[in-house]
Amino acid sequence: MKKRTGVVVPLAALYTKDCAACGDFLALKDFADFCEEAGLSVVQLLPVNDTGTQSSPYSGLSAFALHPLYIRIKALPEFEDAMKNSRTFASAYRNFERNFTYARRFDYDAVSAEKNRLLHLLYNYIEKRDAGPSPRSAASVVTAEPDVSPAEQLKSRMDQFVRENKWVVPYAVFKNIKDEHMQASWKSWEEPLRSISREQIQLKWNNKAKKSSHLFFVWCQLRASEQFLESASYVRSKGIILKGDIPILMNEDSADCWAWPEFFRQDLRAGSPPDGGNPLGQNWGFPTYDWARLEADGFAWWKDRIHAASQYYGAFRIDHVLGFFRIWAAKERETTAYLGHTEPYAGFSRKTLNSLGFSDSRIKWLSQPHIPTGLIEDITWNHGEAVFFLEKVCDRVNNEELWTFKEELGGDKDIFSMRFCDDERKDSAVKNALAQKWRDRALIQIETDLFIKVYDFEKASSWKTLSWEEQEKLKALFKDSETKESGLWKRQALSALGAIVHASDMIPCAEDLGVSLDVMPEVLRTLGILSLKVIRWVRSWELPSQPFVPLSEYPEMSVATTSVHDSSTMRQWWNSEKDSVRAFIDSVRCEGCPDADSAFMPETAEFVFREAARCGSALFINPLQDYLFLEHSFYLENEDDERINIPGSVSSFNWTYRIPASVEELKKNKGLTAKIRAVVQLHDTLQ
């Protein structure tokens, strides 16, 4: 591959004279000019799909629809006409420009809501104008056909957009129903709307009373697509590859989960297993896929998704590629991912366990928590009250002071949904104790006679009661299951990723951070998918002192980067992760290396970039923030404000970063562009 150096940025972060409130699609044209000046030949965006009320770009309300937030309203064909002839719209737009100016973090809820209101006002004006005998307006003409009215031209264009984008009908119907239900989740809608067929969706689309509401969303998507296509074409004209980001998972409250329920496992939630920083695992709340159904349908939904993205992008990032091999899934009724398991999995039967000497009662001991009355009595200081509480969720074991959870409990959500007493502290303590005990098991019973191991099985109380011989028998069984699973994961990845990769000519790039499966490198190589190398984490972790892997040894089929949107920035890394910094300096062994304990300065950024650019990766794509550290004038007073996202937290801070100067100012800064060009020259010409 031709070596290229690029930049990654959230679209909303861009700031130009024409988009002060929030970056938009057309801001990419100005940004492409800056990239051309700096020699950058790849621009990578975070996802730009509609996420509704969610600020996270990875919480999609639609796998296909673009976010209306990124529409530049003043550039719409109808804008000038409405400004001249609609006092309501003109007044609202002037207020928007006056009230929503540049800020270091933008207010997602406020900007999104106000833009949506303006789009509604503008579309209402269009409808009224086109319904009456108003004169033709050059500003509203979409094509140059002299004997076709603007109304007819727009209708023709929207009809064509619907024909070419089959997803837009269920999306428009879904969005309209959400509006009618005050944005409530579709799972709270009345039953006829929850379990709706695609034929019924089509009937709702054809409902004349709702037609105007539906067409508003089509118009928004048409105009968003036009602006994005305009910018994407401009980026390509500069010889720059535009790289997109395809989130693997969908929000459960999405048009796709609603309209294509057969492709999603609503009984499971995706996440990650327990680790040092997350002892209960991570439950992301997103449903998993039914890969068997997707495969039976020829992965048509995924192929359509990739085809839609290929209109704009020349490369794409496959988010959480591990999930295409196997996803970590917990039951929908669980608040944590502790009792999760891989999908697909290789379980073992009751018969197999019996053959190893484990009786049915022994299996029950390992797979069902046993709660002593004393656990709750230690909280209540009253035996009778403890028994009363336990009877709500448990069955007594014979006449012992021992209990097991009722079969109808589906997860710890059922425990937390109960009310044990009016004393808030006691009620909370009882719930937490029972929830903790709920997780206390070594095996998970998937079906009546099928089991899998708990990820942290050795922490279970029941495991600690086993003899060494019993433990070794089970460990051998677990190891055998893992070997079988490796084959299952490889087959699924080749099938699913193969369909996705071959659905377009885009360059596929994997986000393969986290757990590294033995079969993953082989599958990625086979399918020609580039892996990801976050330089600060590319170390030989299994060796003493965990040395950094030499940059020259990075595979050509990879994307190297200094930081990612979920990590600290280069500046934060240098100032706060000194052990890692020292190890990095030791690994490059350069003359005149800066001292690890020195404060981060532009010279420090130059050093890191100079060394990182020597990587063997074909693509070297870094966050815009890290490039801006090359010039001190772009440093924010608080380095924490330069982050995009802090994983595991939900706040108005996340995903609302804005660059510290306009794109126009960046382009004019010859010092910055010259320093970036030096990085580009070093990486792109290094053999």
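All figures in this text were calculated on a predicted structure; none of them were measured in a lab.
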Between [X] and [Y], does any side-chain donor sit less than 3.5 Å from a side-chain acceptor?
| X | Y | value |
| --- | --- | --- |
| R536 | S568 | yes |
| N165 | Y171 | no |
| E262 | W260 | no |
| D449 | S349 | no |
| S617 | S558 | yes |
| T404 | D395 | no |
| R525 | S531 | no |

Does any N or O in the side chain of [X] come within less than 3.5 Å of the main-chain N or O of [Y], such that one atom is a donor and the other an acceptor?
| X | Y | value |
| --- | --- | --- |
| D414 | G410 | yes |
| Q44 | L242 | no |
| S225 | L222 | no |
| R539 | W541 | no |
| D256 | A63 | yes |
| T526 | E522 | yes |
| K243 | I507 | no |
| S59 | S56 | no |
| S112 | D109 | no |
| R643 | T569 | no |

Is the shortest distance from a Lys or Arg side-chain nitrogen in [X] or [Y] to a carboxylate oxygen in the other one below 4.0 Å?
| X | Y | value |
| --- | --- | --- |
| E295 | R491 | yes |
| E485 | K490 | no |
| K484 | D480 | yes |
| K453 | E482 | yes |

Start with the C-alpha gap between L443 and F348, add the side-chain angles, then the distance that decides, and say whether side-chain contact (heavy atoms from CB on, under 4.5 Å) holds. CA-CA 10 Å; L443 301 179; F348 36 87; 4.0 Å; yes
Minimum side-chain heavy-atom gap [X]-[Y] below 4.5 Å:
| X | Y | result |
| --- | --- | --- |
| V393 | L434 | yes |
| D427 | R419 | yes |
| P508 | L527 | no |
| V454 | R439 | no |
| E191 | L193 | no |
| T483 | S486 | no |
| S428 | N432 | yes |
| R326 | L488 | no |

Could you check, using the six-membered ring where one of them is a Trp, whether [X] and [Y] have ring centers closer than 6.0 angstrom?
| X | Y | answer |
| --- | --- | --- |
| W328 | Y455 | yes |
| F263 | W302 | no |
| F228 | Y313 | yes |

Checking ring pair (Phe, Tyr, Trp, His ring centres under 6.0 Å) for the pair H370/W403: CA distance, chi angles, key distance, verdict? CA-CA 5 Å; H370 287 63; W403 308 74; over 10 Å; no
Should H181 and W186 be marked as a ring pair (Phe, Tyr, Trp, His ring centres under 6.0 Å) after you check the CA-CA gap, both sets of side-chain angles, and the distance that decides it? CA-CA 9 Å; H181 287 76; W186 65 267; over 10 Å; no
What's the verdict on side-chain contact (heavy atoms from CB on, under 4.5 Å) for K437 and S461, showing C-alpha distance, side-chain angles and the deciding distance? CA-CA 9 Å; K437 200 62 183 173; S461 300; 3.9 Å; yes
For side chain to side chain donor-acceptor pair (under 3.5 Å), just list the numbers for N654 and S649, CA-CA rounded to whole Å, side-chain angles, deciding distance to a tenth of an Å, and then say yes or no. CA-CA 8 Å; N654 289 339; S649 67; 3.1 Å; yes
Apply salt bridge (Lys or Arg N to Asp or Glu O under 4.0 Å) to residues E180 and K210 and explain how you reach the verdict. CA-CA 11 Å; E180 292 174 345; K210 305 289 185 183; 2.5 Å; yes
Report the C-alpha distance between W489 and F324 in whole Å, list the side-chain angles of each, state the deciding distance to 0.1 Å, and finish with yes or no for ring pair (Phe, Tyr, Trp, His ring centres under 6.0 Å). CA-CA 8 Å; W489 300 341; F324 289 90; over 10 Å; no
Checking D412 against T335 for the side chain to side chain donor-acceptor pair (under 3.5 Å) test, could you report, in this order, the C-alpha distance in whole Å, the side-chain angles of both residues, the deciding distance, and whether it holds? CA-CA 6 Å; D412 62 0; T335 62; 2.7 Å; yes
Compile the donor-acceptor pairs under 3.5 Å between side chains in residues 266-277 and protein atoms, sequence neighbours left out, one pair per line.
from	atom 1	to	atom 2	distance (Å)
Q266	OE1	K187	NZ	2.7
Q266	OE1	R269	NH2	3.4
D267	OD1	R265	NE	2.9
D267	OD2	R265	NH2	2.8
R269	NE	G285	O	3.3
R269	NH1	Q266	O	2.9
R269	NH2	E252	OE1	2.7
D275	OD1	G277	N	3.0
D275	OD1	N278	N	2.7
D275	OD1	N278	ND2	3.3

As a quick check of understanding, evaluate salt bridge (Lys or Arg N to Asp or Glu O under 4.0 Å) for K475 and E458, giving each step before the final call. CA-CA 10 Å; K475 285 181 179 179; E458 291 178 293; 3.3 Å; yes
Determine whether more than 12 heavy atoms belonging to other residues, nucleotides or ligands lie under 6.0 Å from atom CD of Q436.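 No.
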Is there a salt bridge (Lys or Arg N to Asp or Glu O under 4.0 Å) between R362 and D360 once you walk through the steps? CA-CA 5 Å; R362 199 71 166 149; D360 286 353; over 6 Å; no
Would you sort out whether L477 and F451 count as a side-chain contact (heavy atoms from CB on, under 4.5 Å), showing the intermediate values? CA-CA 11 Å; L477 178 62; F451 299 82; over 6 Å; no
Please name all residues satisfying side chain to side chain contact (heavy atoms under 4.5 Å, CB included) with K178, sequence neighbours left out, ordered by chain then number.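 Side chain to side chain contact (heavy atoms under 4.5 Å, CB included) list for K178, sorted by chain: L61, F174, Q183, W189, D253.
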Please work out which of the three classes, parallel, tilted or perpendicular, describes the rings of W655 and Y58, given edges at 30° and 60°.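 The arrangement is tilted - the two ring planes meet at 30° to 60°.
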Hey, can you tell me if W301 and Y289 have their rings parallel, tilted or perpendicular (30° and 60° cut-offs)?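 Rings of W301 and Y289: tilted, 30 to 60°.
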Kindly indicate, with the supporting measurements, whether the criterion salt bridge (Lys or Arg N to Asp or Glu O under 4.0 Å) is fulfilled by K459 and D440. CA-CA 8 Å; K459 293 182 178 179; D440 185 16; over 6 Å; no
The test is ring pair (Phe, Tyr, Trp, His ring centres under 6.0 Å); show your working for F405 and W438 and say whether it passes. CA-CA 8 Å; F405 287 105; W438 172 264; 5.1 Å; yes
